[in-house]
Colleague: 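A single structure is presented below for examination.
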Amino acid sequence: MAQIIDGKQISSQIRDELKEKVEQYRQEGIRFSLAVIQVGADPASTVYVRNKRNACAYIGIESSAYELPEETTEEELLNLIHTLNDDPNVNGILVQLPVPPQIREHVVVQAIAKEKDVDGFHMANVGALSMGQPGFVSCTPAGIIQLLKRSGISIEGKECVVIGRSNIVGKPMAMLLLRENGTVTVCHSRTKNLRDVTKRADILVAAVGRPKMIDDSYVKEGAVVIDVGIHRMENGKLCGDVDYEKVAPVASAITPVPGGVGPMTVTMLMNNCVEAGLMASKEKRP
Ligand code: GUN
């Protein structure tokens, strides 16, 4: 039976490490802060925003919330972002996605100062990742690397297959696995003979967005399987992109849903907020 990669436990370990770090820096007079902007009242977004603010409170990061009405214009949102960009008391800025249709997501993301882009979505940070330069990395893929490392799973030289090519998960995941010296293949909806490709994987990352699509017919015996999906089934329970019951018996390690990748996303956001605060404090020094 597969090793179950416990994202809750690893996440809480990292949060405690961050909490201690923040406390130490506070004694040196360094403070950390995150501004969270939500436009509209999408219930899922409200839950995510609450989780992020609770994590801030636990670690000792100050957070401020901006709850803007659904009909907010792009210009109004950009004005707020510019104000926060110029505010030295704000280290990190996050606009919860999705935004309503009158607002262009890519315009908003590029408006956030790259030094405050704790989501790692700004082109400058995406470019830095692909060129091996320092910058903020998208939180979910960064969290997956931590899950692997802290579970004693090495990436170097492994066949890594990522299913999904989104800007937030698939593409940065591929870059990070490459940075760790994996041999990386990215599959997507137009990939031919998907099973032939995924069956080669030593490490398989599923970010397809379809409930239980990846069953044992996609997985090589002994593979490590990382499930990025989260879906609510008709019976009210949560499931991932991976059919856990069918895949767990053939995998050597697997992330459950819930309690696998999910908790890591907010944790890595907290990690980025701490980095942002440290960078800002260094800039302020003479
Ligand atoms: N919506 C879904 N995931 C995310 C995320 O990681 N960051 C932001 N800002 N919005 C999201």
Side-chain angles (χ1 to χ4, degrees), residues 7 11 14-15 33-56 61 63-68 70 72 74 77-78 80-81 84-85 90-101 103-126 129 135-147 164-173 175-176 205-209 226-232 238 240-241 257-258 260-276:
S11 172
I14 298 174
R15 287 186 199 198
S33 67
L34 172 68
V36 183
I37 306 172
Q38 182 181 353
V39 187
D42 172 61
S45 289
T46 302
V47 172
Y48 290 135
V49 165
R50 193 190 310 135
N51 288 345
K52 289 170 187 180
R53 297 197 69 208
N54 287 345
C56 282
I61 298 169
S63 73
S64 47
Y66 296 83
E67 289 161 14
L68 307 183
E70 183 77 31
T72 301
E74 186 176 285
L77 179 55
L78 292 175
L80 172 60
I81 291 171
L84 295 169
N85 281 345
V90 173
N91 312 137
I93 304 171
L94 178 154
V95 177
Q96 187 63 33
L97 303 176
V99 284
I103 298 174
R104 291 168 294 172
E105 189 176 297
H106 72 278
V107 172
V108 168
V109 167
Q110 303 316 316
I112 297 171
K114 67 179 195 304
E115 302 79 14
K116 300 191 179 188
D117 167 41
V118 285
D119 261 326
F121 294 168
H122 191 286
M123 274 198 271
N125 285 317
V126 175
L129 173 63
F136 292 114
V137 177
S138 183
C139 302
T140 300
I144 290 170
I145 296 291
Q146 285 299 315
L147 284 179
R165 56 174 160 181
S166 71
N167 290 333
I168 292 182
V169 180
K171 286 182 204 163
M173 186 76 254
M175 296 311 306
L176 284 174
V205 179
V208 268
I226 306 291
D227 190 351
V228 182
I230 184 148
H231 314 275
R232 175 110 24 215
L238 295 171
D241 292 345
V257 176
V261 172
M264 295 300 290
T265 300
V266 176
T267 297
M268 297 317 287
L269 173 71
M270 298 298 105
N271 182 69
N272 285 351
C273 290
V274 172
E275 300 257 308

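Read the numbers this way: they start at 1 and go in the same order the structure lists the ligands and their atoms.
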Colleague: Below a 4.0 angstrom heavy-atom separation, can you tell me which part of Leu269, side chain or backbone, both or neither, approaches ligand 1?
Modeller: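 The answer is neither.
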
Colleague: Taking all atoms of both residues into account, what is the closest heavy-atom pair of Ser45 and Gln38, and its distance?
Modeller: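 The answer is CB-NE2, 3.6 Å.
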
Colleague: What is the closest protein heavy atom to atom 9 (N) of ligand 1, and at what distance does it sit?
Modeller: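 Result for atom 9 (N) of ligand 1: Asp119 OD2, 2.6 Å.
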
Colleague: Just to be sure I read this right, does ligand 1 sit under 4.0 Å from the backbone of Tyr48, its side chain, both, or neither, counting only heavy atoms?
Modeller: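 Within the 4.0 Å criterion, Tyr48 makes no contact with ligand 1.
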
Colleague: Considering all heavy atoms of both residues, which atom of Lys171 and which atom of Arg165 are nearest to each other, and what is their separation?
Modeller: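 Looking at all heavy atoms of both residues, the closest pair is CE-O, 3.2 Å.
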
Colleague: Roughly how far, to the nearest 0.5 Å, is CD1 of Ile37 from CG of Leu97?
Modeller: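 One gets 10.5 Å once the value is rounded to the nearest 0.5 Å.
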
Colleague: Looking only at protein heavy atoms, which one is nearest to atom 11 (C) of ligand 1, and how far off is it?
Modeller: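 For this ligand atom, the closest protein heavy atom is Gln96 NE2, 3.4 Å.
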
Colleague: Give a yes or no answer on whether the side chain of Asn271 reaches the backbone of Gly143 with a donor-acceptor pair at less than 3.5 Å.
Modeller: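 No, Asn271 side chain to Gly143 backbone: no donor-acceptor pair under 3.5 Å.
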
Colleague: Between Val90 and Ala35, what is the shortest heavy-atom contact and its length?
Modeller: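 Distance-wise, the nearest heavy atoms are CG1-CB, 4.0 Å.
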
Colleague: For Leu94, take its heavy atoms, then give the atoms of ligand 1 lying under 4.0 Å from any of them.
Modeller: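 Matching atoms, with element in brackets: 9 (N).
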
Colleague: Is ligand 1 under 4.0 Å from a heavy atom in the side chain of Leu97, in the backbone, in both, or in neither?
Modeller: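 Answer for Leu97: both.
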
Colleague: Would you say Asn85's side chain and Ala113's backbone share a donor-acceptor pair under 3.5 angstrom?
Modeller: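 At least one qualifying donor-acceptor pair exists.
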
Colleague: Quick one: look at Lys52 and ligand 1, take heavy-atom pairs under 4.0 Å, and tell me if it's side chain, backbone, both or neither.
Modeller: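 Only the side chain of Lys52 comes within reach of ligand 1.
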
Colleague: Quick check on contacts: which atoms of ligand 1 are under 4.0 angstrom from a heavy atom of Val95?
Modeller: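 Here the atoms of ligand 1 in question are 8 (C), 9 (N).
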
